[in-house]
Amino acid sequence: FDDWSIGTSVFDKIVNEKNQLLFLFETKTNKKYGCFINSQIHSINYSFVTDLKAFTFSINSNGIEKYDIFEELEVLK
């Protein structure tokens, strides 16, 4: 269990040096969404990760909707 507080959170220690991570979240209203990160995480330097294979997704009654992050960014340019 992680309390997510500054100074006591262990999240960075858990994901450090890991790759192919999937995060799944559920809201209080039962909506489900998440993200996948293929690149290795280096939490020591707290830098952003550029991962062309990363994507976000939502899960609903119609199935899973996938959103490729970098394709979405290209549309915004």
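All values derive from a computational prediction rather than experimental measurement. Sequential numbering from 1 along the given sequence is applied to the chain's residues.
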Lys32: which residues meet the salt bridge (Lys or Arg N to Asp or Glu O under 4.0 Å) condition with it, sequence neighbours left out? Glu26
Spatial distance of atom SG (Cys35) from atom CG (Asp51) [nearest 0.5 Å]: 10.0 Å
Do Phe23 and Ile37 touch side chain to side chain, with heavy atoms closer than 4.5 Å? yes
With no hydrogens and no angle check, is any side-chain donor or acceptor of Thr27 less than 3.5 Å from a backbone partner on Lys31? yes
Donor-acceptor check, side chain of Asn38 to backbone of Ala54, threshold 3.5 angstrom: yes or no? no
Nearest 0.5 Å, please: how far is CZ in Phe55 from CD1 in Ile69? 9.0 Å
Measuring only between side-chain heavy atoms, which start at C-beta, is Lys66 closer than 4.5 Å to Phe36? no
State plainly whether one hydrophobic cluster holds both Ile64 and Phe25, where clusters connect Ile, Leu, Val, Met, Phe, Trp and Tyr through side-chain heavy atoms under 4.5 angstrom apart. no
State yes or no: do Leu21 and Phe11 share one hydrophobic cluster built from I, L, V, M, F, W and Y residues joined by side-chain heavy-atom distances below 4.5 Å, directly or via other members? yes
Side-chain donor-acceptor pairs under 3.5 Å in residues 56-63, sequence neighbours left out?
{"from": "Asn60", "atom 1": "OD1", "to": "Asn62", "atom 2": "N", "distance (Å)": "2.8"}
{"from": "Asn60", "atom 1": "OD1", "to": "Gly63", "atom 2": "N", "distance (Å)": "3.3"}
{"from": "Asn60", "atom 1": "ND2", "to": "Glu65", "atom 2": "OE2", "distance (Å)": "2.8"}

Between Glu17 and Gln40, is the side chain to side chain contact (heavy atoms under 4.5 Å, CB included) condition met? List the steps. CA-CA 6 Å; Glu17 303 299 322; Gln40 190 172 53; 3.7 Å; yes
Might you point out which heavy atoms bring Ser39 and Thr50 nearest each other, and give the distance in Å? OG-O, 3.8 Å
NZ of Lys18 to NZ of Lys13: how many Å apart, nearest 0.5 Å? 12.5 Å
Where do Asn19 and Ile41 land on the side chain to side chain contact (heavy atoms under 4.5 Å, CB included) test, with the steps shown first? CA-CA 6 Å; Asn19 63 334; Ile41 303 293; over 6 Å; no
